[in-house]
Amino acid sequence: MGTMVDASKDIDWSFPGDKKITVVFVLGGPGSGKGTQCANIVKHFGFTHLSAGDLLRAEIKSGSENGTMIANMIKEGKIVPSEVTVKLLQKAMLESGNDKFLIDGFPRNEENRTAFENVTKIEPEFVLFLDCPEEEMERRILNRNQIDAAKPVDEVFEAVKVIFAPFNPEENRLNITKRMGLENIIYCIKWLFRDVWSILTNILSKVLFWRTICRDP
């Protein structure tokens, strides 16, 4: 464990002393909308969005010595030291070139927060906590393509097909054909109605004309 922390200390990831760095911690349960709101904040206010979980997974995927150690700790059910996560966040912050950051999913406890301030020498501006009822978070998560597998096999697959339909070009062509067929039907109905209306209007005008002629002496 010590080797992993020491490895991250070999490089100086400190920020320039004269540069103002703005950090906002974004917290909330799964399904509370952290990702959605972070995307909106990035778009409107120019922040950089960093996810502690994403950075840890990226480090593991890189195959580095540090990543291998993190992966082994997770497999063993151990908690990755706060300083390791903070170093990954600090590195990503410096590499971004920005000075405003949203940190998603960190800190998870007071020890995390203390480690962040000790390592980065940055005190967060505030914590944005998205308070969402547990029932609503559960509803949102269950709506994320979680299929009720307790139903009969055919019914489950029908639900699965709906999710995967966009990946089936043949299905898409069939849907387009159906839409085009419907559009043609609507066009024909409009065309027929227009002609019938024209005929009726013409007949009506002639009837009114002859009635007027007949009334005149």
Side-chain angles (χ1 to χ4, degrees), residues 1-132 134 137-138 140-141 144-146:
M1 185 185 303
T3 305
M4 176 166 52
V5 175
D6 292 341
S8 64
K9 289 182 177 180
D10 293 339
I11 302 175
D12 182 15
W13 292 112
S14 59
F15 292 92
D18 59 344
K19 190 174 184 179
K20 166 65 175 175
I21 305 296
T22 301
V23 171
V24 174
F25 290 142
V26 182
L27 302 178
S32 61
K34 296 192 300 295
T36 301
Q37 294 309 320
C38 282
N40 287 332
I41 295 169
V42 167
K43 179 179 178 181
H44 292 281
F45 300 102
F47 278 72
T48 293
H49 176 206
L50 298 176
S51 166
D54 287 348
L55 291 175
L56 287 169
R57 286 187 286 272
E59 188 69 15
I60 293 172
K61 190 175 181 180
S62 71
S64 67
E65 182 181 356
N66 204 37
T68 301
M69 291 180 181
I70 294 172
N72 290 335
M73 292 190 69
I74 293 175
K75 288 179 182 177
E76 295 170 6
K78 298 178 181 179
I79 298 175
V80 178
S82 299
E83 189 173 347
V84 174
T85 305
V86 172
K87 285 289 185 181
L88 291 176
L89 287 167
Q90 188 178 32
K91 179 175 180 288
M93 290 165 69
L94 279 165
E95 290 178 343
S96 75
N98 201 352
D99 58 4
K100 297 185 293 185
F101 302 94
L102 300 171
I103 297 183
D104 174 6
F106 187 92
R108 296 183 179 275
N109 52 45
E110 182 63 21
E111 191 271 332
N112 284 172
R113 184 193 64 79
T114 301
F116 181 87
E117 293 186 12
N118 289 339
V119 173
T120 64
K121 310 304 180 186
I122 298 172
E123 184 175 347
E125 293 293 316
F126 57 88
V127 175
L128 176 63
F129 179 70
L130 298 175
D131 187 10
C132 186
E134 186 174 346
M137 289 192 292
E138 182 178 353
R140 293 177 183 179
I141 292 174
R144 294 176 181 175
N145 299 334
Q146 291 192 0

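Just so it is clear, the values below take in all heavy atoms, side chains as well, and ignore hydrogens, waters and symmetry mates.
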Quick one: do L130 and Q37 satisfy side-chain contact (heavy atoms from CB on, under 4.5 Å)? Show the steps, please.
CA-CA 9 Å; L130 298 175; Q37 294 309 320; 4.1 Å; yes
State which residues pass ring pair (Phe, Tyr, Trp, His ring centres under 6.0 Å) with F47; sequence neighbours excluded, sorted by chain then number.
none
Measuring from I60:CD1 to L55:CG, what's the distance to the nearest 0.5 Å?
11.0 Å
Could you state the interatomic distance from NE2 (H49) to CG (D54), rounded to the nearest 0.5 Å?
7.5 Å
Among pairs that include at least one residue of residues 106-131, which meet ring pair (Phe, Tyr, Trp, His ring centres under 6.0 Å), considering only residues two or more places apart or in two chains?
F25-F116
Closest approach of N112 to P107 (non-hydrogen atoms, all atoms of both residues)
CB-CB, 3.2 Å
Point-to-point distance, once rounded to the nearest 0.5 Å, from CG of L128 to CG of L102:
8.0 Å
Check ion pair K87-E83 (N to O, under 4.0 angstrom)
no
The reported gap from CD1 in I103 to SG in C38 (rounded to nearest 0.5 angstrom) is 10.5 Å
N66 side chain to E59 backbone, donor-acceptor under 3.5 Å:
no
Check the pair I41, V24 against side-chain contact (heavy atoms from CB on, under 4.5 Å), reporting the backbone distance first and the verdict last.
CA-CA 11 Å; I41 295 169; V24 174; over 6 Å; no
For a side-chain contact (heavy atoms from CB on, under 4.5 Å) check, start with the C-alpha distance between L88 and I70, then their side-chain angles and the critical distance, and finish with the verdict.
CA-CA 12 Å; L88 291 176; I70 294 172; 4.3 Å; yes
Thinking salt bridges, do K100 and E125 make one under a 4.0 Å N-O criterion?
no
Checking L50, V84, V23, V119 against L89 for side chain to side chain contact (heavy atoms under 4.5 Å, CB included), the one that qualifies is L50
I need the S64 OG to M69 CE distance, nearest 0.5 Å.
9.0 Å
Would you check, one step at a time, whether the test side-chain contact (heavy atoms from CB on, under 4.5 Å) holds for M93 with I122?
CA-CA 12 Å; M93 290 165 69; I122 298 172; 4.1 Å; yes
Give a yes-or-no answer on whether the side chains of E111 and S82 include a donor-acceptor pair shorter than 3.5 Å.
yes
Once you round to the nearest 0.5 Å, how far does CD of E95 lie from CD of Q90?
11.0 Å
